[in-house]
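First the structure, in the form of structure tokens, and then the observations on it.
Just so it is clear: chains get the letters A, B, ... in the order the sequence lines come, proteins before strands, and each one is counted from 1. Reckoned from all heavy atoms, side chains included, excluding hydrogens, waters and symmetry mates.
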There are 4 protein chains.
Amino acid sequence: MAAAAEKRRQILDAAVRVFAAQGYHASRVGDVAKEAGVAYGLVYHYFDSKEAVLEAVFREAWGRLLAAVALAEETGGDAAEQLALVVRIVFRAWRDDPDLVRLLVREITRSPHIQDELDEIGQAFKSLERIVAHGQAEGTFRPELDPRLCGWMLYGALEEVLTGWVLGQLPDDANAVEAAEREVVRTLVDGLRPA
Amino acid sequence: MAAAAEKRRQILDAAVRVFAAQGYHASRVGDVAKEAGVAYGLVYHYFDSKEAVLEAVFREAWGRLLAAVALAEETGGDAAEQLALVVRIVFRAWRDDPDLVRLLVREITRSPHIQDELDEIGQAFKSLERIVAHGQAEGTFRPELDPRLCGWMLYGALEEVLTGWVLGQLPDDANAVEAAEREVVRTLVDGLRPA
Amino acid sequence: MAAAAEKRRQILDAAVRVFAAQGYHASRVGDVAKEAGVAYGLVYHYFDSKEAVLEAVFREAWGRLLAAVALAEETGGDAAEQLALVVRIVFRAWRDDPDLVRLLVREITRSPHIQDELDEIGQAFKSLERIVAHGQAEGTFRPELDPRLCGWMLYGALEEVLTGWVLGQLPDDANAVEAAEREVVRTLVDGLRPA
Amino acid sequence: MAAAAEKRRQILDAAVRVFAAQGYHASRVGDVAKEAGVAYGLVYHYFDSKEAVLEAVFREAWGRLLAAVALAEETGGDAAEQLALVVRIVFRAWRDDPDLVRLLVREITRSPHIQDELDEIGQAFKSLERIVAHGQAEGTFRPELDPRLCGWMLYGALEEVLTGWVLGQLPDDANAVEAAEREVVRTLVDGLRPA
DNA sequence: GATGAATGAGATTTCATTCAT
DNA sequence: AATGAATGAAATCTCATTCAT
């Protein structure tokens with residue numbers, strides 16, 4: 001049993017690397033199997049289809065990320081602090097597992113199938129939305145803002161910085177990432193505050 | 001002949017509709033031909049491959065968008081006004097040709113080849129970068145900001161709002177779009193201003 | 001009318017060059033038209049099909065070659081002299097129009113369509129056959145030989161030397177060609193003579 | 001597994017039959033698969049392309065033929081005996097596997113790619129060349145002959161007799177083949193002998 | 001006669017999925 | 001559980017031929 005779970009994990013990890021490197025559509029099931037060091041057919045023993053592999057990767061990765069973000073919301077801090085924490089969590093993810101982030105950034109939101117089935121993605125937006133609403137309740141964010149719109153705007157700003165790193169267009173050494181974290185937090189928080 | 005160029009255009013326009021509706025990968029060349037009302041082979045008379053069609057659509061759409069944005073930069077206004085103009089241009093594009101925007105938003109980050117060939121995408125970032133730098137020179141934006149990072153952040157915020165509309169997750173009636181324009185401009189400009 | 005015939009000829013000449021360079025199957029009608037400097041459709045004005053072009057080339061080229069060979073038969077000489085003349089004619093053809101010979105060598109005998117329609121090819125064999133029979137009647141060639149078999153054998157020996165030149169595997173400068181002519185004639189004639 | 005190699009062989013054998021019957025260009029991959037009694041895609045499991053199938057057939061057939069010819073060279077006999085043996089081997093090949101010979105004869109000179117990759121074809125010429133040189137060393141063949149040129153001439157004579165059989169233009173019953181063997185050997189050997 | 005855009009049947013090739021072992 | 005050969009639907013692309021101008 002332990003061995004079985006291990007094989008499943010091997011396949012998932014390999015899928016992250018392969019999908020990240022070539023993109024989901026360009027990746028063949030055989031590539032994943034070979035990268036995982038298992039037989040072709042074994043992928044189908046553990047997963048129903050190629051898409052199911054992608055979905056499993058997403059579900060797991062999002063799960064971890066959302067849990068971290070949810071935790072951020074529960075810290076007693078004010079909205080600005082919560083937002084800062086979310087940014088930090090997201091940016092740390094890039095440092096910890098760039099392949100995974102690369103995959104999330106490239107395929108999520110854009111793949112029609114994934115969207116429908118994974119409403120968990122929506123939770124990311126909900127989290128950001130709640131933080132904005134929280135800030136309005138506190139009086140630290142402008143009351144006339146539409147929290148939903150802000151959720152998308154914030155998500156986009158974060159995702160695109162990640163994309164810049166993914167594509168190698170923005171410097172991503174430790175210092176740069178730290179600086180980016182400060183600047184992004186400051187800009188977003190200041191943007192949302194009352195004049 | 002006039003007719004010749006016309007057919008090419010028919011194919012390009014049809015491609016936008018078909019790719020937007022089904023996604024690039026799910027679209028067959030035959031679908032595009034049928035939508036354009038031309039024979040299968042004619043697509044290959046005008047374009048080298050299916051991907052070349054997508055690329056042509058991109059190149060043209062970006063061309064128009066960049067021209068508009070470049071114009072915005074040339075208005076004598078301050079950086080905040082320029083930024084406001086850019087947001088308006090981008091959001092108007094959604095109203096004018098949602099299929100095209102849907103396509104750009106969905107497929108741009110995907111296909112690896114597209115990225116290589118279209119460094120024109122980079123010009124959009126450069127435009128935003130220049131506006132930020134301009135603001136710093138004027139003293140209306142914080143001097144410690146990294147204009148390049150800001151370019152990506154701003155681009156992401158705009159693109160994701162468009163995505164919300166594309167996916168039907170954000171209201172996109174005329175009022176909502178106008179309100180969004182105001183809020184986004186305000187948020188971004190305030191975020192970049194000195195405290 | 002003169003101009004018209006000229007275009008037809010341009011197309012035929014271009015076809016020889018293109019087919020010789022790329023082989024018949026790999027050559028597209030457009031290649032021939034471009035090489036001839038005429039419009040695509042004009043090829044179909046003068047010829048029924050791509051194959052008809054090839055056939056026309058063959059018919060014409062063979063015609064010339066056969067006429068020359070027939071002439072050789074009519075010289076009053078003995079069989080050995082006639083054979084020597086045929087070899088000279090064939091080898092001269094290589095010097096005069098290598099592209100044409102290349103085409104004949106590569107596509108004739110091997111293309112199923114051409115075979116059926118061009119029984120003129122058979123006439124080349126008949127010529128050789130007649131010369132051998134003539135030699136037997138004279139008593140200069142062995143009587144037990146089968147003239148038909150000899151026709152094929154002789155044809156093959158000649159064709160393959162041409163092929164060697166076509167493929168650049170045998171030296172084909174003026175001296176080498178002359179020497180080859182002498183050796184081939186001597187070998188074939190000696191081979192056919194009574195002990 | 002034994003079954004695996006078997007399928008590959010089935011495909012190869014079927015390819016010989018199909019290509020021989022219809023010619024390479026007229027044969028579709030589906031025809032080969034159907035003749036072999038396997039699924040379409042299996043052909044691509046074992047071979048990279050349709051052309052790779054043809055090449056595999058060639059390589060194998062030539063391999064066998066060359067091995068036989070090489071053996072002939074090693075018999076201690078004189079050059080005339082060696083040449084006689086080569087002729088017998090080649091003509092026997094026609095009786096043993098006419099489809100294969102048909103294919104070799106028809107397609108070899110055609111496809112340009114085949115030529116590049118198969119310099120093994122050249123080995124057939126080298127063999128004949130060596131036999132001629134051997135005869136010169138023995139003093140049984142004329143010393144002024146160019147062995148290379150003779151290799152091509154001999155090869156052509158043999159190939160064309162095969163072609164006569166392939167095309168049904170020469171009688172190929174057992175008696176005729178035997179007689180042809182005698183006549184061809186006699187003619188070639190006598191042709192090469194000193195006067 | 002001359003042009004080249006337009007047509008569409010047909011071929012190769014790919015690859016997710018199944019299945020016998 | 002594990003393997004990888006086998007399947008075949010579906011997609012892209014080619015190119016000989018037609019036809020309107």
For DNA chain E, write out the stems as range with range, using runs of 3 or more consecutive Watson-Crick or G-U pairs with both distances under 3.5 Å.
E:2-21 with F:2-21

Taking the minimum atom-to-atom distance to the side chain of B/His45, which one of F/dA2, E/dT13, E/dA5 wins?
E/dA5

Listed in order of residue number, which residues of residues 11-19 of chain A have a non-hydrogen atom at under 4.0 Å from DNA chain E?
none

Could you list the residues that satisfy side chain to side chain contact (heavy atoms under 4.5 Å, CB included) with C/Ala52, not counting sequence neighbours?
C/Phe47, C/Asp48, C/Ser49

What residues, two or more places apart in sequence or in another chain, satisfy side chain to side chain donor-acceptor pair (under 3.5 Å) together with C/Asp97?
none

In this structure, how many angstroms lie between the P atom of F/dG4 and the CD atom of D/Glu6, rounded?
19 Å

Side-chain contact, heavy-atom cut-off 4.5 Å: D/Ile11 with D/Arg8?
no

Could you check how far CZ of D/Phe47 sits from P of E/dT14, rounded to whole Å?
15 Å

Please give, in whole Å, the distance from F/dA5 P to D/Gln10 CD?
15 Å

Let me know, please, whether C/Gly37 or A/Asp48 comes out on the 5' side of the other along DNA chain E by nearest nucleotide.
C/Gly37

Residue closer to the 5' end of DNA chain F, D/Val43 versus C/Ser49 (nearest nucleotide):
D/Val43

Looking at D/Asp13, D/Leu12, D/Val18, which one forms a side chain to side chain contact (heavy atoms under 4.5 Å, CB included) with D/Val32?
D/Val18

Which residues satisfy the side chain to side chain contact (heavy atoms under 4.5 Å, CB included) test with C/Arg28, sequence neighbours excluded?
C/Asp31

Using the test side chain to side chain donor-acceptor pair (under 3.5 Å), find all partners of D/Arg102 that sit at least two apart in sequence or belong to another chain.
none

With sequence neighbours excluded, residues passing side chain to side chain donor-acceptor pair (under 3.5 Å) with A/Asp99:
none

Just jot down the side chain to side chain donor-acceptor pair (under 3.5 Å) partners of A/Gln123, sequence neighbours excluded, or say none.
none

CD of C/Glu55 versus C1' of F/dA16: gap in Å, rounded?
17 Å

Check the phosphate of F/dT17 against C/Tyr44, side-chain N and O only, distance under 4.0 Å to OP1 or OP2. Yes or no?
yes

Below the 4.0 Å mark, does E/dA6 have OP1 or OP2 next to a side-chain nitrogen or oxygen of B/Tyr46?
yes

So the salt bridge (Lys or Arg N to Asp or Glu O under 4.0 Å) pairs with at least one residue in residues 32-42 of chain D (sequence neighbours excluded) are D/Arg17-D/Glu35

Taking N or O atoms only and anything under 3.5 Å, show me the protein contacts with nucleotides 8-11 of chain F, one pair per line.
| residue | atom | partner | partner atom | Å |
| --- | --- | --- | --- | --- |
| F/dG8 | N7 | D/Gly41 | N | 3.1 |

Got a sec, which residues hit side chain to side chain contact (heavy atoms under 4.5 Å, CB included) with B/Tyr40, two or more places apart in sequence or on another chain?
B/Val29, B/Tyr44

Residue set satisfying side chain to side chain contact (heavy atoms under 4.5 Å, CB included) with C/Leu162, at least two apart, ordered chain then number -> C/Val90, C/Phe91, C/Trp94, C/Val101, C/Val105, C/Trp165

Rounded to whole angstroms, how far apart are CD on B/Glu51 and P on F/dT12?
12 Å

